[in-house]
Amino acid sequence: MGKQRVLSGVQPTGTLHLGNYLGAIRNWVEGQSNYENYFFIADLHAITVPHDPQQLADNTYSLAALYLACGLDPEHTTIFVQSHISAHAELAWLFNCITPLNWLERMIQFKEKALKQGENVSIGLLDYPVLQAADILLYQADLVPVGEDQKQHLELTRDIAARLNFQYGTEENPILKVPEPLIRPEGARIMSLTDGTNKMSKSDPSEQSRITLLDTPDQIRNKIKRCKTDPVRGLSFDDPDRPECQNLLTLYQLMSGQAKTAVAEECAEMGWGQFKPLLTEVMIEGLRPIQDRYTALMTNKQDLEGVLQQGKDQASEIANKTLTKVKDALGYSRPL
Ligand code: ATP
Ligand code: MG
């Protein structure tokens, strides 16, 4: 049996932060030799909220370079830009026509993001999960790594696949593979530096709330110096009254690569004044190799272009096959 196919993506809406890295990309990198991987830059999704064209272009390349700098390896992983493959938009249209409107109106992300935008909500924001279904189903993915925030969308993807199979396929010959979620129990959920009860996010208006993979040592020092803590002396995990302590210890553990028990022991008697410089150092050192690789990739864009071209060629072959299969089933290629 061949390897199972895994697919996921990140929107180029800002620079990757430690949450994206420790919660998603690092896991993709670690698992990449066990699976057949497709990881893309979701630039069509990025315009479902107001955007700046130049920033979209810059962020797209920067994110591709960060994928590689974090360790995604084109030997194991197809890396591509969503908008380079027109099958995504085309399949999304076909899905639009079989997806009941009320399935989309229930989506939590739509409700939350629509609320933030007031009057200026596009149809694209509502349609976001249908495009996401197209992204996943085009590649007949077996597994989709999902965080808590994306579970509802994967459920919708499964519903769309099942509906298309039921309406236009046969039981023996389904048109689309219904994917399963890939949930990693150890997947870290990293919280904001300014509020330990909120997740770290690209879209948080406060730069202070997150450490990005491209922050300079000075920026990291400053952010950690000013991050929220508590007045208790001695640091411990798993105290529900100390969400910031939990988050900062977790960051220290993951960035230093130590076992949780070792960190708990090391920090049990520490005050914040002693802990913060330690955390700062492991972060600066942990991000340095990623930043060095990133700088090299951005100074020689040809390599990056090559990876994305190869990704486009590999991905479009599979995507176009699936698109043709769906179009055939819907009646588009029958003889006159
Ligand atoms: P936005 O605020 O624009 O939604 P984001 O920071 O939530 O940005 P996404 O592009 O939505 O980032 O998500 C990319 C990947 O990172 C997803 O797999 C998501 O589950 C994961 N992720 C995002 N934030 C965190 C976090 N704080 N901790 C762990 N994983 C995270
Ligand atoms: Mg998000």
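Start at 1 with the first residue, then count along the sequence. Source: prediction; values computed, not measured. Both counts, for ligands and for their atoms, begin at 1 and track the order of listing.
- A donor-acceptor pair under 3.5 Å links the side-chain atoms of T216 to the main chain of Q219, judged by distance alone.
- For D215, the salt bridge (Lys or Arg N to Asp or Glu O under 4.0 Å) test picks out K223, with sequence neighbours left out.
- Partners of Q32 according to the side-chain contact (heavy atoms from CB on, under 4.5 Å) rule, which considers only residues two or more places apart in sequence or in another chain, are V29, N37, L72, D73, H76, T77.
- Note that R163 lies in the cation-pi zone of W103, set by a 6.0 Å cut-off to the ring centre and a 45° limit from the axis.
- Identified under the salt bridge (charged side-chain N to carboxylate O under 4.0 Å, His left out) test for residues 255-283, with sequence neighbours left out: D238-K260.
- Looking at E90 and K327, a side-chain N of the basic residue comes within less than 4.0 Å of a carboxylate O on the acidic one, giving a salt bridge.
- For ligand 1, the protein residues placed under 4.0 Å by at least one non-hydrogen atom are V10, Q11, T13, H17, G19, N20, G23, A24, K113, G147, D149, A188, R189, I190, K199, M200, S201, K202, S203.
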